[in-house]
Student: 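Take this structure, written in structure tokens, and hold onto it; I'll ask about it next.
Everything quoted here is computed from the prediction, not taken from an experiment. Heavy atoms only: backbone and side chains are in, while hydrogens, waters and symmetry mates are out. Quick note on labels: first sequence line is chain A, next is B, and so on, each numbered from 1.
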Protein chains: 2
Amino acid sequence: MIKPRSRRGGGRPTISDVARKAGVGAITVSRALREPERVSEELRRQIQAAVDELGYVPDPNARALASARAEVFGVLVPSLTNNVFAEVVRGIYDSLSDSPFRIQLGNTHYSGLEEERLLQVFGSQRPAALIVAGIDQTPVSRKLLENAGCPVVQVMETGPDPVDMMVGFSHLDGGRTATEHLIEAGYCRIGFIGARMDPRSQRRLAGYRAAMEAAGLFDPRLVTTTPVPSSVSLGREMFRDALAKVPTLDAVFCNNDDIALGVLFECHRTSILVPKTIGIVGFNDLDMMQVAFPSITSIRTHRYEIGRRAVAMALAAIAGDRPEQRIVDLGFELKRRESTAR
Amino acid sequence: MIKPRSRRGGGRPTISDVARKAGVGAITVSRALREPERVSEELRRQIQAAVDELGYVPDPNARALASARAEVFGVLVPSLTNNVFAEVVRGIYDSLSDSPFRIQLGNTHYSGLEEERLLQVFGSQRPAALIVAGIDQTPVSRKLLENAGCPVVQVMETGPDPVDMMVGFSHLDGGRTATEHLIEAGYCRIGFIGARMDPRSQRRLAGYRAAMEAAGLFDPRLVTTTPVPSSVSLGREMFRDALAKVPTLDAVFCNNDDIALGVLFECHRTSILVPKTIGIVGFNDLDMMQVAFPSITSIRTHRYEIGRRAVAMALAAIAGDRPEQRIVDLGFELKRRESTAR
DNA sequence: GGACAATTTGGTAGCGCTACCATTTTCCGC
DNA sequence: GCGGAAAATGGTAGCGCTACCAAATTGTCC
């Protein structure tokens, strides 16, 4: 066995190796790397040469310890496989890829308790910013966010009482708009089919209910929900249930596009005509909605843009200029398609 | 302005605060937290009480710096929104949620250069393990992996020459199996439709070609590919192109399920009968495949399990017992459905 | 040309934790 | 009851970096 190197770290070049080679003080190297404009042209060149020659890469752990601030964005989403959050996360990643910030992604599994645990873990790293999905944090989580000592952006939804900043849209309005569209199209026995029923789904349901009540069409038997995670096959099953419960059903507003697709397939399978016999509206407007036959009406949401905007706001806050607009509503768009064109 | 606290870190309790309160040495607290069995029952209790009372949370950055090892799994995937990788990542997250390990997720965007850059960044943190998608790393990436000084698991594919460990399956065999199934079902003008054409897609194509040549059916005009990222709408367009090129086409093996779904919808739209006029096979077997009408034959792959297995192997290696089986082939399964039931 | 400010560079002292060793205490077996 | 090993505890010295302040150098204005 070879005796371990005297240096515990394992012999990677350190900042003082670079400093020695460049003939400057260690702190100057540190500065040249972080605030190049504060170091003279000449030293900067020498230092860069030494860095390249030694293959020096700063140790983020040491950096974080010394500066009491890690170059990490903490991101908390309820699901990794749900395309909706995947798009938000992609927006976040793309916006951060050219920055020095790393991303710490946490999956809360739609659990408030898990969110608290992850917030605790993330907080212990002193992140540069925190991005969390939703606005329904537990009191404990909310406190953790308030005391995080960094910019916080709540995404996906807007609401009256941000911890710090918010980017999203109103799910209630989205649900209402979708339902009103069906009513205008002439449907009247309009069902709601919702899986998972997380807070955002609940608010879409509330929007549905508001629209239905305003039109005098609401009937609790039209609503079919389950806490089970959403999927295309679940959409099919729930549609069957809804139809068994209310055979006169003539349209469905679906919680999301997966459910809507399941409904469409079941209609095909049982030769129910869409949009003639049944109208279908989805939510989120995944790519497949416009390709489906018939194409499916849906509420287009700007997921990728939400991720990008959240990062932009956090970055601005880190840089010191808090945006005057702390709540950004990116809205949504009703995409009218064949599935509701009676 | 209030004078900043004397302590730079911002006043969070440290290990020596705990030590003082519990009336022990700092190192004993450290041990009680990391190797409780090496500390007496009594001190352990005292220390735990002090930890709870102060709300002490260890600083992972300080820990990483002192021990030259961060409790981080680096995970590199080519896409965050592709459901296939999302499932793998979910398996990884679920397997690691009860461990002290954090996850650093990187998105390479299918770029070798980006992979190199991220490997460099990840490596600078001294991760506990590295999980990377694919087996086609650039020479630079491969060197970085070999020198990472931690267990490395390559996932999604198997191949002859692992950096360290591997979990996946043979995409070539998958492509061959899918194609052979179509041949057995009586199709003969079988097209291949592939988007993105990353290395895994290339190997599926190679499997297709092998099967077609073995049956004396291969014709280069049957192959339609594009480097454009895959989507349902792209599947529809490519199917149109393929049909325009070869009007006698009687089946398609699709690169993945999104493409297959696009093909199915286009068949509906143009009243092409499935499986009578056109047979369809997908790849990955997303949930929607069995719900589609007609249901779509696909190659079921075990994505979630790949993630779990990769973590299990890495964890074992960290614990010191390298598994005797360094290459794990989880295989795949042909799911025969209506879309090929002539 | 001298007083003063602005710019550039460097030294010191930690950040919070653990590796490494030293020391103390406990437990054996005979 | 005693030597020696094992178990339990502690002290010291960093890990690699940056905040904070001090010093040196340059520029500017009258």
Student: Among all residues two or more places apart in sequence or in another chain, which pass the side-chain contact (heavy atoms from CB on, under 4.5 Å) test with B:L330?
Tutor: B:V167, B:E305, B:I306, B:R309, B:V328

Student: Going by side-chain contact (heavy atoms from CB on, under 4.5 Å), name the residues that satisfy it together with A:L54, two or more places apart in sequence or in a different chain.
Tutor: A:P13, A:D17, A:V18, A:K21

Student: Please check if the side chain of B:R44 supplies one atom and the backbone of B:P36 the other of a donor-acceptor pair under 3.5 Å.
Tutor: yes

Student: Between the main-chain N or O of B:V24 and the side-chain N or O of B:T28, is there a donor-acceptor pair closer than 3.5 Å?
Tutor: no

Student: Looking only at side-chain N and O atoms, does B:T28 come under 4.0 Å of OP1 or OP2 in D:dT9?
Tutor: no

Student: How about B:T138 and B:E116: does a side-chain donor come under 3.5 Å of a side-chain acceptor?
Tutor: yes

Student: In chain order, what residues pass the side-chain contact (heavy atoms from CB on, under 4.5 Å) check against A:D98, with sequence neighbours excluded?
Tutor: none

Student: Of all of residues 49-63 of chain B, which get a heavy atom below 4.0 angstrom from DNA chain C, listed by number?
Tutor: B:Y56, B:P58, B:D59, B:A62, B:R63

Student: Working to the nearest 0.5 Å, report the span between OG of A:S97 and CD1 of A:I92.
Tutor: 13.0 Å

Student: Just the rounded figure in Å: distance from P of D:dG16 to CD of B:Q125.
Tutor: 16 Å

Student: Is it true that A:S111 and A:T108 share a donor-acceptor pair across their side chains at a distance under 3.5 Å?
Tutor: no

Student: Please list, for nucleotides 24-26 of chain C, all pairs of protein and nucleotide N/O atoms separated by less than 3.5 Å.
Tutor:
none

Student: Select one nucleotide: of C:dC17, D:dG10, D:dT18, the one nearest the side-chain heavy atoms of B:I27.
Tutor: D:dG10

Student: With a 3.5 Å cut-off and sequence neighbours excluded, list the donor-acceptor pairs that the side chains of residues 72-82 of chain A form with protein atoms.
Tutor:
| unit_1 | atom_1 | unit_2 | atom_2 | d |
| --- | --- | --- | --- | --- |
| A:S79 | OG | A:T81 | N | 3.3 |
| A:S79 | OG | A:N82 | N | 3.0 |
| A:N82 | OD1 | A:V84 | N | 2.8 |

Student: For a quick check under 3.5 Å, do A:Q137 and A:Q154 share a side-chain donor-acceptor pair by atom type?
Tutor: yes

Student: Can you tell whether the side chains of B:D161 and B:R142 come within less than 4.0 Å, N to carboxylate O?
Tutor: yes

Student: Over how many whole Å does the gap from B:R126 atom CZ to C:dC17 atom P extend?
Tutor: 19 Å

Student: With 3.5 Å as the limit, what N/O pairs link the protein to nucleotides 4-6 of chain D?
Tutor:
none

Student: Taking only heavy atoms on the protein side, list every residue of residues 31-47 of chain A lying under 4.0 Å from any atom of DNA chain D, sorted numerically.
Tutor: A:R34

Student: Mind checking what makes ring pair (Phe, Tyr, Trp, His ring centres under 6.0 Å) contact with A:Y110, not counting sequence neighbours?
Tutor: none

Student: Hey, is A:E42 close enough to A:R45 for a salt bridge, meaning N to O under 4.0 Å?
Tutor: no

Student: Restricting both atoms to N or O, compile the protein contacts to nucleotides 24-27 of chain D shorter than 3.5 Å, with distance only.
Tutor:
none

Student: For B:P100, enumerate each residue passing the side-chain contact (heavy atoms from CB on, under 4.5 Å) test, keeping only those at least two apart in sequence or located in another chain.
Tutor: B:E71

Student: With sequence neighbours excluded, what pairs up with B:R31 under the salt bridge (charged side-chain N to carboxylate O under 4.0 Å, His left out) test?
Tutor: none

